[in-house]
Amino acid sequence: MNTTLYILTGLPYSGKTTLRKELIRRFSFKTVSIDEIMDERAMWREGHPTQEDWNIAYSEAYRRIKEHLTDGNSVIFDYGNLPLHERENARKIADSLGIPHKLIYINTPKEEILRRRQENEETKERGQLDQEMMDRALNMFVEPTEKEKPIIYNYKMNLDQWIKINIT
């Protein structure tokens with residue numbers, strides 16, 4: 001399998017992390033996650049992360065992506081990549097190294113996302129976004145265009161078949 005950068009995009013609670021974990025289990029891809037960088041650096045704190053925190057986290061993410069790709073490892077970039085420029089920045093890294101990239105759009109209906117968020121509020125299985133952060137994500141998200149050639153995945157698809165067609 002060729003070294004590839006997989007950029008995940010989709011709203012919070014859409015299933016990005018679940019898909020990432022399954023791809024890592026099957027293919028041992030490296031992963032770069034903004035959430036994990038924010039956790040490592042204790043940037044999730046009262047008052048939400050500052051713009052400086054976000055800048056630091058993204059700089060570190062882009063550094064890690066470049067390092068893994070340079071070492072010949074396929075990478076999954078797991079974050080919402082909500083605005084186009086976040087996806088573009090990751091693509092530019094792969095392009096600069098002559099490495100292919102694929103955009104995976106986790107296209108989960110808003111109603112399902114809100115249901116999952118509500119369920120998580122009760123189960124606490126993952127970090128919970130407050131309403132302000134959720135509204136911000138909903139407002140920031142720019143759905144991928146045809147020009148971006150997204151590979152679309154949603155939770156109703158057969159995962160094995162989807163992987164066979166799109167990853168292997």
Side-chain angles (χ1 to χ4, degrees), residues 5-25 29-65 68 75-93 101-159 162-163 166:
L5 172 61
Y6 296 94
I7 304 166
L8 300 184
T9 189
L11 289 166
Y13 305 97
S14 62
K16 294 179 303 295
T17 300
T18 301
L19 179 61
R20 174 194 76 177
K21 288 177 180 177
E22 184 61 24
L23 293 175
I24 289 169
R25 186 184 73 72
F29 293 151
K30 298 293 183 183
T31 187
V32 175
S33 165
I34 295 287
D35 284 346
E36 289 175 7
I37 292 168
M38 301 286 273
D39 285 343
E40 289 168 13
R41 296 176 181 226
M43 291 176 172
W44 298 115
R45 58 185 178 279
E46 200 64 35
H48 304 296
T50 64
Q51 186 58 53
E52 182 180 349
D53 291 335
W54 288 112
N55 293 345
I56 290 168
Y58 271 96
S59 292
E60 177 60 17
Y62 297 142
R63 185 195 69 73
R64 290 179 187 185
I65 289 168
H68 289 313
V75 177
I76 300 173
F77 182 31
D78 177 13
Y79 196 60
N81 294 297
L82 302 173
L84 176 63
H85 75 270
E86 290 173 0
R87 301 188 295 261
E88 282 297 314
N89 288 342
R91 276 194 280 265
K92 286 177 185 175
I93 293 168
H101 47 79
K102 295 181 179 186
L103 178 66
I104 300 173
Y105 174 28
I106 315 299
N107 186 9
T108 303
K110 186 177 176 183
E111 305 78 45
E112 176 65 13
I113 286 170
L114 295 176
R115 186 197 67 73
R116 290 176 182 184
R117 180 174 178 266
Q118 179 64 39
E119 181 180 290
N120 187 68
E121 195 167 343
E122 297 163 15
T123 64
K124 307 282 190 232
E125 288 182 20
R126 60 166 281 184
Q128 182 73 11
L129 289 185
D130 65 23
Q131 192 60 50
E132 179 186 342
M133 290 288 279
M134 189 68 195
D135 289 343
R136 188 171 174 211
L138 289 167
N139 291 328
M140 286 177 64
F141 185 58
V142 176
E143 195 166 339
T145 64
E146 221 174 274
K147 181 184 172 207
E148 291 182 89
K149 300 177 185 163
I151 300 168
I152 297 174
Y153 176 75
N154 73 50
Y155 69 102
K156 291 185 177 181
M157 293 176 161
N158 178 296
L159 182 60
W162 183 88
I163 286 174
N166 295 292

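Source: prediction; values computed, not measured.
Side-chain contact between T9 and P150 is absent, with no heavy atoms from C-beta onward closer than 4.5 Å. Side-chain contact check for L82 versus V142: every heavy-atom pair is 4.5 Å or farther apart.
A salt bridge links R64 with E40: the closest approach of a Lys/Arg side-chain nitrogen to an acidic carboxylate oxygen falls below 4.0 angstrom. Using a 4.0 Å cut-off between charged nitrogen and carboxylate oxygen, R115 and E119 count as a salt-bridge pair. For E88 and K92, the salt-bridge test fails: no basic side-chain N is under 4.0 Å from an acidic carboxylate O.
When the shell of 6.0 Å around NZ of K30 is examined, it contains 12 or fewer heavy atoms from other residues, nucleotides or ligands.
K16 places a side-chain N or O within donor-acceptor distance of the main-chain N or O of G10, the cut-off being under 3.5 Å. Judged by distance alone, the side chain of W162 and the main-chain N or O of N154 form no donor-acceptor pair under 3.5 Å. Side-chain atoms of R20 never come within 3.5 Å of backbone atoms of I76 as a donor-acceptor pair (strictly under, hydrogens ignored). A donor-acceptor distance shorter than 3.5 angstrom exists from the side chain of D53 to the backbone of T50, with no hydrogens or angles considered.
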Checking side-chain contact (heavy atoms from CB on, under 4.5 Å) for the pair K110/L11: CA distance, chi angles, key distance, verdict? CA-CA 8 Å; K110 186 177 176 183; L11 289 166; 5.6 Å; no
Would you check, one step at a time, whether the test side-chain contact (heavy atoms from CB on, under 4.5 Å) holds for E143 with Y105? CA-CA 8 Å; E143 195 166 339; Y105 174 28; 3.4 Å; yes
Dump the intermediate steps for side-chain contact (heavy atoms from CB on, under 4.5 Å) on F29 and V75, then the final yes or no. CA-CA 6 Å; F29 293 151; V75 177; over 6 Å; no
Take L103 and K149 through the side-chain contact (heavy atoms from CB on, under 4.5 Å) test and state the conclusion after the steps. CA-CA 7 Å; L103 178 66; K149 300 177 185 163; over 6 Å; no
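A donor-acceptor pair shorter than 3.5 Å cannot be found between the side chains of Y79 and E86. Using modelled atom types and a 3.5 Å distance limit, the side chains of Q131 and R117 yield a donor-acceptor pair.
In terms of heavy-atom proximity, R91 sits nearest to L84 at NH2-CD1, 3.7 Å. Taking each heavy atom of L159 and E22 in turn, the nearest pair found is CD2-CG, 3.4 Å. Considering all non-hydrogen atoms of both residues, Y62 and A90 come closest at CE2-N, 4.1 Å. The two residues M134 and I113 come nearest to each other via the heavy atoms CE-CG2, 3.4 Å.
Ring centroid separation for the pair F77 and Y6 does not come in under the 6.0 Å cut-off.
Distance check: S14 OG to F141 CZ gives 8.0 Å after rounding to the nearest 0.5 Å. Atom CG of D78 is separated from atom OG of S33 by 5.0 Å, given to the nearest 0.5 angstrom. The CG atom of L23 lies 12.5 Å from the NZ atom of K21; values are rounded to the nearest 0.5 Å. Taking CZ of R87 as the reference point, atom CD1 of I7 lies at 9.0 Å (rounded to 0.5 Å). A distance of 13.5 Å separates CD1 in I151 from CG in N107, rounded to the nearest 0.5 Å. Taking CE of M43 as the reference point, atom CD1 of I34 lies at 9.5 Å (rounded to 0.5 Å).
Geometric assessment of R116 against the ring of Y155 yields a positive cation-pi assignment under the 6.0 Å and 45° thresholds.
Here H101 pairs with D95 under the side chain to side chain donor-acceptor pair (under 3.5 Å) rule; sequence neighbours left out. By the side chain to side chain donor-acceptor pair (under 3.5 Å) test, Q118 is found to be paired with E122, residues two or more places apart in sequence or in another chain being considered.
Within the structure, ring-ring contact (aromatic ring centres under 6.0 Å, His included) contacts touching residues 110-133 (residues at least two apart or in different chains) do not occur.
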